[in-house]
Number of protein chains: 2
Amino acid sequence: MAKFDLFQFVPFRLNRLAAEVSAALSDEYQVRYGLDIPEWRVIATLGFRDDACSAQFISQCTRTHKSTISRAVTALLDRELIERVENEDDRRAFELRLSAKGTALYEELIPRLLSKERDILSCLTAQERKDFAAALGKIERSLDLVQTRHGQKAGAY
Amino acid sequence: MAKFDLFQFVPFRLNRLAAEVSAALSDEYQVRYGLDIPEWRVIATLGFRDDACSAQFISQCTRTHKSTISRAVTALLDRELIERVENEDDRRAFELRLSAKGTALYEELIPRLLSKERDILSCLTAQERKDFAAALGKIERSLDLVQTRHGQKAGAY
DNA sequence: TTTAGATGGTTGCAAATGAGACTATCTTAG
DNA sequence: CTAAGATAGTCTCATTTGCAACCATCTAAA
């Protein structure tokens with residue numbers, strides 16, 4: 001049998017790397033702002049989008065279970081970092097958006113995270129970073145992971 | 001503020017991709033062989049190495065908490081997929097190795113996983129795969145994630 | 001309309017996991 | 001030799017998270 005090398009095995013490496021990178025970032029959003037990962041994902045999605053969106057949307061585009069998002073939304077409402085208004089068109093769903101307080105947090109946090117990301121990727125040249133991002137994109141697309149700006153999976157078109 | 005795009009943010013993408021790739025592989029080791037992720041990591045590490053090794057070693061090189069490894073080892077001993085013998089030199093530690101049954105499982109499983117990995121990476125050209133692996137390696141090294149064949153962190157030398 | 005099925009969101013429960021205490025053993029400094 | 005600290009592994013506890021049942025609402029079809 002061909003010799004198997006766990007440390008060359010891409011799925012394993014991705015898992016380990018993702019865990020390590022998350023840990024490196026958590027100082028910023030966890031220690032400094034008391035956000036856990038699902039909460040940060042909600043904030044990031046709402047801050048990224050100009051218009052309000054539903055919990056369902058956040059769940060889909062971050063690939064996080066809807067119950068996890070639901071709990072994060074509850075916690076963020078309690079902390080008044082986000083606001084929730086009824087949706088006229090569909091009374092099952094709610095429109096979520098950042099509050100002023102949430103926006104302030106978002107705008108303080110983002111530069112810190114981008115700086116961490118730069119640190120982590122600073123071991124690559126500009127070209128290597130570009131190629132790496134492109135490769136990630138290809139794999140994401142082949143796994144049907146990509147979302148458009150309007151929240152539909154690309155494959156759904 | 002510069003517009004932040006969650007879907008361009010590498011830490012987020014790594015997390016999402018790692019989760020998705022793991023899910024794609026879990027059919028093989030979970031559904032087919034009833035192994036969870038920590039158990040698979042123990043099997044993979046023991047199968048990869050020619051000589052026996054300790055739980056501590058597995059914990060370090062897979063970056064998995066020692067209590068998680070301990071539970072996986074107990075489960076695998078119960079299923080007789082691995083064997084544990086006392087270490088003459090250090091009676092706190094045990095030497096772990098695959099049993100015949102474990103080796104058989106390993107040799108059946110590995111080609112399936114490698115095939116899945118090939119599927120996932122088949123969206124990249126050979127050169128892109130090589131560059132992607134190299135970039136992963138660089139990031140791993142810069143995060144001090146790399147282990148040598150003898151289980152010490154490279155940075156420890 | 002009425003009804004069946006789909007969908008948004010919440011919640012209870014169970015499984016998984018990390019933190020850290022704990023025991024036993026090893027190592028090193030005095 | 002002894003004591004202090006480090007280390008291997010196990011165990012208990014608390015947290016996290018996914019699953020799935022559930023409710024309310026929406027949609028579509030008869």
Side-chain angles (χ1 to χ4, degrees), chain A residues 15-16 18-20 22-23 26-27 29-31 34-42 45-46 52-78 82-97 151-153 156, chain B residues 15-16 18-20 22-23 26-27 29-31 34-42 45-46 52-78 82-97 151-153 156:
Chain A
N15 255 295
R16 199 176 52 161
E20 202 68 14
S22 287
S26 76
D27 273 357
Y29 56 78
Q30 292 202 356
V31 177
L35 299 174
D36 63 21
I37 291 178
E39 286 162 14
W40 147 243
R41 288 185 178 173
V42 171
T45 308
L46 294 179
C53 57
S54 68
Q56 183 67 14
F57 172 78
I58 300 172
S59 170
Q60 282 171 0
C61 67
T62 64
R63 297 241 150 177
T64 307
H65 197 275
K66 64 178 183 169
S67 62
T68 304
I69 295 298
S70 173
R71 282 184 271 255
V73 164
T74 302
L76 293 171
L77 285 170
D78 288 347
I82 64 175
E83 292 163 352
R84 178 169 70 171
V85 300
E86 284 198 1
N87 184 329
E88 295 298 309
D89 299 332
D90 185 343
R91 268 176 301 172
R92 295 169 303 177
F94 298 94
E95 296 196 332
L96 301 170
R97 64 179 74 249
Q152 305 303 314
K153 295 185 74 170
Chain B
N15 256 294
R16 200 176 50 161
E20 201 68 14
S22 287
S26 75
D27 274 357
Y29 56 78
Q30 292 201 357
V31 178
L35 299 173
D36 63 21
I37 291 178
E39 286 162 14
W40 147 243
R41 288 185 178 171
V42 171
T45 308
L46 294 179
C53 57
S54 68
Q56 183 67 14
F57 172 79
I58 300 171
S59 170
Q60 283 172 358
C61 66
T62 63
R63 296 241 152 179
T64 306
H65 196 276
K66 63 180 182 167
S67 61
T68 303
I69 295 298
S70 174
R71 283 184 274 257
V73 164
T74 302
L76 293 171
L77 284 171
D78 288 348
I82 64 175
E83 292 162 354
R84 177 169 72 172
V85 300
E86 284 199 2
N87 185 329
E88 295 298 309
D89 299 333
D90 184 344
R91 267 176 303 173
R92 295 170 304 178
F94 298 95
E95 296 196 332
L96 301 170
R97 63 179 75 249
Q152 305 302 314
K153 296 184 75 169

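Sequence lines set the chain letters: A, B, ... in the order given, protein chains first and strands last, and positions in each chain run from 1.
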**Q.** Between D:dT7 (C1') and B:N87 (CG): distance, integer Å
**A.** 13 Å

Q) How would you list, by chain and number, every residue that makes a side chain to side chain donor-acceptor pair (under 3.5 Å) with B:S67, sequence neighbours excluded? A) B:H65, B:R71

Q: Could you tell me which residues satisfy side-chain contact (heavy atoms from CB on, under 4.5 Å) with A:A75, sequence neighbours excluded, listed by chain and number?
A: A:E39

Q: Could you check how far CD of A:Q30 sits from P of D:dT15, rounded to whole Å?
A: 14 Å

Q: For A:L76 and C:dG9, give me the distance from atom CG to atom P, rounded to whole Å.
A: 15 Å

What N/O pairs connect the protein and nucleotides 5-8 of chain C at under 3.5 Å? Give each pair on its own line.
from  : atom 1 : to    : atom 2 : distance (Å)
C:dT7 : O2     : A:R92 : NH1    : 2.3
C:dG8 : OP2    : A:Q56 : NE2    : 3.2

Q.
In the structure I gave you, are the side-chain heavy atoms of B:V42 and B:I69 within less than 4.5 Å of one another anywhere?
A. yes

**Q.** Upstream residue (5' side of DNA chain D) when A:R91 and B:R84 are each assigned their closest nucleotide
**A.** B:R84

(Q) Tell me every residue that passes side chain to side chain donor-acceptor pair (under 3.5 Å) with A:R97, counting only those two or more places apart in sequence or in another chain. (A) none

Q | B:I58 CD1 - D:dT7 C1' separation (whole Å) | A | 17 Å

Q.
How many whole angstroms separate atom NE2 of B:H65 from atom C1' of D:dT12?
A. 13 Å

(Q) What I want to check is whether an N or O donor and acceptor connect the side chain of A:S67 with the base of D:dC19 at under 3.5 Å. (A) yes

Q. Between atom CD in A:E88 and atom P in D:dT25, what is the gap in whole Å?
A. 14 Å

Q. Ring pair (Phe, Tyr, Trp, His ring centres under 6.0 Å) with B:Y29: which residues, sequence neighbours excluded?
A. B:W40

Q: Applying salt bridge (charged side-chain N to carboxylate O under 4.0 Å, His left out), name anything that partners A:D90, two or more places apart in sequence or on another chain.
A: A:R92

Q. To the nearest Å, how far apart are B:I69 CD1 and D:dC11 C1'?
A. 16 Å

Q: Give the rounded distance in Å between these two atoms: CG of B:L35 and P of C:dA16.
A: 13 Å

Q: Find which nucleotide of DNA chain C each of A:E95 and A:R71 is nearest to by heavy atoms, and output the residue with the more 5' nucleotide.
A: A:E95

**Q.** Close side-chain approach of A:C53 to A:L46, heavy-atom, < 4.5 Å
**A.** yes

Q | Whichever of A:T68 and B:D36 has its nearest DNA chain C nucleotide further upstream toward 5' | A | A:T68

